[in-house]
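Inspection log for the structure reproduced underneath, given as structure tokens.
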Amino acid sequence: MSNITSEDLFKNIISHAKEYGFIFQSSEIYDGLSAVYDYGQNGSELKKNIREYWWKAMVQMNENIVGIDAAIFMHPTTWKASGHVDAFNDPLVDNKDSKKRYRADVLIEDHLAKIEAKISKEVEKARTRFGDSFNEETFRTTNARVLENQKKIDEINMRFKNALEVGDLNEVRQIIIDLEIVCPVSGTRNWTDVRQFNLMFNTQLGSVSEESSTIYLRPETAQGIFVNFLNVQKTGRMKIPFGIAQTGKAFRNEIVARQFIFRMREFEQMEMQFFIKPGTEMEWYKHWKDVRLKWHRSLGFPETVHRFHDHLKLAHYANAACDIEFKFPFGFKELEGIHSRTDFDLGNHEKFSGKKLQYFDPDSGQSYVPYVIETSIGLDRMFLAILSQSYAEEKLEDGSERVVLRIPEFLAPVKCAVLPLVKKDGLPEKAREIMDRLKFDHLCQYEEKDSIGKRYRRQDAIGTPFCITVDHQTLEDQTVTIRYRDSMVQERIEVGSIEKILIDKVDMKKALRQISG
RNA sequence: GCGGAAGUAGCUCAUUUGGUAGAGCAUCAGCCUUCCAAGCUGAGGGUGGCGGGUUCGAGCCCCGUCUUCCGCUCCA
């Protein structure tokens, strides 16, 4: 459809996802939960297949990459070491007029700096007045105006410190109001409440609340790999370079979460941390960029839907970083990140745990903290990429319309539908017989309700790549028609050859061969 | 988070100053038997997002709340 806007298209994809059992809003009967979604009967299959394809491509196809499955709960110190506790724990306040958001502590500190500047000015004035005989120390401890300002600073500091310690955000707001701090943009004092935006969800470990300690739901899976670096390296006798892969849920308390499953509070990551010798990071960085792009391209979508986006402003842990972006209906957006994380994580875990996280290099006879190249892809985003790229509204030659999901065959939720042309004359029995054989290899569906055309359309809508139709001729010569989702072409094939043909067409092997060459 | 819009059956939508809620499609049962949706008959399904208020009476008016969408803002 050429005249459909991308906004409408995206809306249609979302309703299609719900109508055909791919994605439901979480807790919908209770009005839903914002930015949390459930995968339905078809969605969970597609998601599982994507995960499996990633896992095979990363772990099964690479001798030097192994997988783990670390717990979501981790020791709280993990997140101090990773930088998540400090970096994402700020009290924020908005100015209602300018709509600008500020860190409350920064506003107050800026105000303190202004008072501090006043003091410095007094000191400088005095210095020029008194010349060589000037004693700054004495001046600072005796001058009335300096003392008054210093007293102000101390009082504010004390008040602010207390407020933060007891977590009294109203008091923080009151400080801003009492100090008559204005917004640099609007110049007004029209402030919202001060709010704490924590990136991480926390919960209690321990059944009795008084004895319990606060732990976090992991905001990324990577740290589960880093804290197990030594365990895996030693028990697996891994030699650098080697990688550890993991898929699993992560949780982020997003301030604004939107665009369907693109940004969710609970989501699944597929990550691989590749441990290397320091100094070799740029070549490995390039290597994994190439490898990962190849993986994406192996799905057979047009090359124009992917592009690299290099990060100019780097995160605290990285010395090179880029995204593989995908052309979603709402524009190019990050799908996978490839980061050169240096020895930031392992180094910090060494510091915080007091354990040596080093690798002994037998060639050089030296130990070092390995550098890390990370590949990190959002499974839910990958799901959305495949869903939106596969979705097509078609006008057929006879004037009718169909909605079809051209999901790569080996990822499709249902691989094959078995359909008796009519619901009598022994055709259902024959179809059941075929179904019972195929189900050992693939997830298949049997359908006998409604006209054959209607059933084909239903299978198109969930992306089933093949339909096997049993008709009267089948009973005579043991042949059926196989009907292709994308072309709608039908062929007559022998019943006995169905299994072989299907396996050939839906096997993941073909795609894996493509990326391993 | 701020501003705007919306929420009626599984879906798309009606119900013209407030007077006991309807259609199409879908679903289910039966009939028909036909290789690309839309044949016939019948049935089920809604305390109008939720809570409160005004009123003799609220899907409709008012307030709150939840969810979604759009714009802004934020994003390791």
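In what follows, chains carry the letters A, B, and so on, assigned in the order in which the sequence lines appear, proteins first and then strands, with residues in each chain numbered from 1. These numbers were taken from a predicted model, which means no experiment stands behind them.
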A/K423 has its side chain closest, among B/C35, B/U33, B/U67, to B/U33
Restricting both atoms to N or O, compile the protein contacts to nucleotides 5-14 of chain B shorter than 3.5 Å, with distance only.
from  : atom 1 : to    : atom 2 : distance (Å)
B/C11 : OP1    : A/K18 : NZ     : 3.2

Round to a whole Å and report the spacing from NZ of A/K449 to P of B/U34.
17 Å
Going by number, which of residues 454-462 of chain A have a non-hydrogen atom under 4.0 Å from RNA chain B?
A/K454, A/Y456, A/R457, A/R458
If we take the C1' atom in both B/A21 and B/C60, what is their distance in whole Å?
12 Å
Results of side chain to side chain contact (heavy atoms under 4.5 Å, CB included) for A/V369 - residues two or more places apart only
A/D343, A/L346, A/E350, A/Q358
Salt bridge (charged side-chain N to carboxylate O under 4.0 Å, His left out) with A/E447: which of A/K454, A/R432, A/R458?
A/R458
Under 3.5 Å side-chain donor-acceptor pair for A/Q445 and A/Q459
yes
Output yes when A/K395 and A/E401 qualify as a salt bridge under the 4.0 Å nitrogen-oxygen rule, no when they do not.
yes
Pair listing, ring-ring contact (aromatic ring centres under 6.0 Å, His included) test, anchored in residues 393-425 of chain A, at least two apart:
A/Y53-A/F410
Hey, where does RNA chain B pair up into stems, meaning at least three consecutive Watson-Crick or G-U pairs with distances under 3.5 Å?
B:1-7 with B:66-72, B:10-13 with B:22-25, B:27-31 with B:39-43, B:49-53 with B:61-65
Among residues 479-486 of chain A, which contact RNA chain B at a heavy-atom distance under 4.0 Å?
A/T481, A/R483
Within this structure, what is the OH-to-P distance between A/Y20 and B/A26, rounded to whole angstrom?
10 Å
With a non-hydrogen cut-off below 4.0 angstrom, is A/Q25 in contact with a base, only sugar-phosphate, or nothing?
sugar-phosphate
Flag the pair A/F10 / A/F328 as yes when their ring centroid distance falls below 6.0 Å, and as no otherwise.
no
What distance, rounded to whole Å, do you find between the two C1' atoms, one in B/U20 and one in B/A29?
31 Å
Going by side chain to side chain donor-acceptor pair (under 3.5 Å), name the residues that satisfy it together with A/T469, two or more places apart in sequence or in a different chain.
A/Y456
A/H306 and A/H296 aromatic ring geometry - parallel, tilted or perpendicular at 30°/60° bounds:
tilted
Ring centres of A/F332 and A/F326 under 6.0 Å apart?
no
Need one value for A/K333: base, sugar-phosphate or nothing, where a base atom within 4.0 Å counts as base even if backbone is also close, heavy atoms only.
nothing
Test: side chain to side chain donor-acceptor pair (under 3.5 Å). Region: residues 376-389 of chain A. Which pairs qualify, not counting sequence neighbours?
A/Y39-A/D380, A/E271-A/S376
What side chain to side chain donor-acceptor pair (under 3.5 Å) pairs are there with at least one residue in residues 408-429 of chain A, not counting sequence neighbours?
A/D425-A/H472
Residues of residues 267-274 of chain A with any non-hydrogen atom less than 4.0 angstrom from an atom of RNA chain B: list those, numerically ordered, please.
none
Please identify each residue that fulfils salt bridge (Lys or Arg N to Asp or Glu O under 4.0 Å) with A/E325, with sequence neighbours left out.
A/R307
Return the set of residues passing ring-ring contact (aromatic ring centres under 6.0 Å, His included) with A/W284 (not counting sequence neighbours), or none when no residue passes.
A/F274, A/H287
